Amino acid sequence: MAASDKDRKNQEVPLEEEPVTEAPAPEEAPPEAIPPEEEAPPQEPSELERLLTEKKELEDRYLRLMAEFGNFRNRTAKEKESTYGDAKAETLRRFLPVLDNLQRAVESPCSDEEYQKGVELIHRGLWEVMTALGVEEISETGVPFDPAVHNAVMHIEDENLGKNTVAQVLQKGYRVDGKILRYAMVQAAN
C-alpha cells in the first residue's frame, strides 16, 4: 500500500493558479438621475424612540385599566347596596296582605272584646316592626293625584275638590326607602 500512495502523490498534478481579475465596476448614474426617494432610505426609529413609544402605550393601557377597575368597583358597590334594598322591599311587600287582613279584622265588629284587643295588639306590633324598617303609608285624601305613588281606579266629578285630587283611598299604599312597595289605589276627582 505504501507504493500505491507514492504513485498517487506522483500522479497528482499541481493546479496552476489563474490570475484573479476584478469584476468591472458597474457604471454609476450621475447624481441628477437618482430619484429623491432613493437618495435617503427611510430611517428606522432609533431604539430610544421605540422604547419611549412603547412606554407611552403601556402607560395609556395602565390608565385605561385603572379607570375600568374604578368603574367596576363603583358598579359593584351600587349593585351590593341595591341588592339589600331590593331584598328588604320584597320581604316587606310579602307582609302587606297580612297587614291588610289584620286591619280589616280590627275594623270589623266583634262581640268578644278580648279577642278584638288581641287582634289590635298583633296589628300594632306588626305595624311597629314595619315602621322600624322604614315603611311609610301612602293613604292621604285631598292631596294632588301623583301617578308616581297613586293608582287611580275610579274617577268622580266633585266641585268641592280641586282638579286631579285624591277623593278617596280605596287601598293604602306603602313605600320604603323611596321605593314603592304598593301603589295606593285611589279615586281621583275632576
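Please read all numbers here as calculations on a predicted model, not as lab measurements.
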Criterion side-chain contact (heavy atoms from CB on, under 4.5 Å) against Leu58, the qualifying member of Arg61, Lys56, Lys55:
Arg61

Show, in sequence, the C-alpha distance, side-chain angles and deciding distance for Phe145 and Val186, and conclude whether the side-chain contact (heavy atoms from CB on, under 4.5 Å) test is met.
CA-CA 9 Å; Phe145 175 79; Val186 299; 3.9 Å; yes

So, taking the atom named CG in Asn151 and the one named CD1 in Ile180, what distance separates them when rounded to the nearest 0.5 Å?
11.5 Å

Does Leu96 offer a backbone N or O that forms a donor-acceptor pair with the side chain of Arg182 under 3.5 Å?
no

Find the distance between CD (Glu81) and OG1 (Thr76) and round it off to the nearest 0.5 Å.
11.5 Å

What's the shortest heavy-atom distance between Asn190 and Lys163, and which atoms?
O-CG, 3.7 Å

Using the ring pair (Phe, Tyr, Trp, His ring centres under 6.0 Å) criterion, which residues pair with His123? Sequence neighbours excluded.
none

Does a side-chain N-to-carboxylate-O contact under 4.0 Å join Lys88 and Asp177?
yes

With a 4.5 Å cut-off on side-chain heavy-atom distances among I, L, V, M, F, W and Y, is there a chain of contacts connecting Met185 to Phe95?
no

On a heavy-atom basis, which atom in Ala148 and which in Tyr183 lie closest, and how many Å separate them?
O-CE2, 3.1 Å

Transitively linked via ILVMFWY side-chain contacts under 4.5 Å: Val135 with Ile122?
yes

For Ala167 and Leu161, which heavy atoms make the closest approach, and how far apart are they?
CB-CD1, 3.6 Å

Would you compute the distance between atom CG of Leu92 and atom CZ of Arg175 and round it to the nearest 0.5 angstrom?
14.5 Å

If you compare all heavy atoms of Leu133 against all heavy atoms of Val176, which two are closest, and at what distance to 0.1 Å?
O-CG2, 3.5 Å

Linking I/L/V/M/F/W/Y whenever their side-chain heavy atoms sit closer than 4.5 Å, directly or via other members, would Val129 and Leu102 fall into one cluster?
yes

Carboxylate-amine/guanidinium contact Arg93 Glu90, below 4.0 Å:
yes

Contact check, side chains of Pro144 and Asn164, non-hydrogen atoms, under 4.5 Å:
no

Please step through side-chain contact (heavy atoms from CB on, under 4.5 Å) for the pair Leu99 and Gln103, ending with a clear verdict.
CA-CA 6 Å; Leu99 186 65; Gln103 182 65 37; 5.8 Å; no

Under the side-chain contact (heavy atoms from CB on, under 4.5 Å) test, residues paired with Gln116 that sit two or more places apart
Val106, Cys110, Glu120

Please determine whether a side-chain nitrogen of the Lys or Arg among Glu47 and Arg50 lies less than 4.0 Å from a carboxylate oxygen of the Asp or Glu.
yes

Nearest 0.5 Å please: distance from the OH atom of Tyr174 over to the CD atom of Glu137.
5.0 Å

Same hydrophobic cluster for Tyr62 and Leu65, using side-chain heavy-atom links shorter than 4.5 Å among ILVMFWY?
no

With rounding to the nearest 0.5 Å, note down the distance linking CG in Leu52 to CG in Leu48.
4.5 Å

Atom CD in Gln168, atom CD in Gln187: separation rounded to 0.5 Å?
5.0 Å

Could you walk me through whether Thr83 and Lys80 pass side-chain contact (heavy atoms from CB on, under 4.5 Å), step by step?
CA-CA 5 Å; Thr83 300; Lys80 187 177 180 181; 5.6 Å; no

Start with the C-alpha gap between His150 and Val166, add the side-chain angles, then the distance that decides, and say whether side-chain contact (heavy atoms from CB on, under 4.5 Å) holds.
CA-CA 9 Å; His150 298 122; Val166 174; 3.7 Å; yes

Heavy-atom pair of closest approach, residues Ser82 and Lys179:
O-NZ, 4.0 Å

Does Leu181 belong to the same Ile/Leu/Val/Met/Phe/Trp/Tyr cluster as Val98, with side-chain heavy atoms less than 4.5 Å apart forming each link?
yes

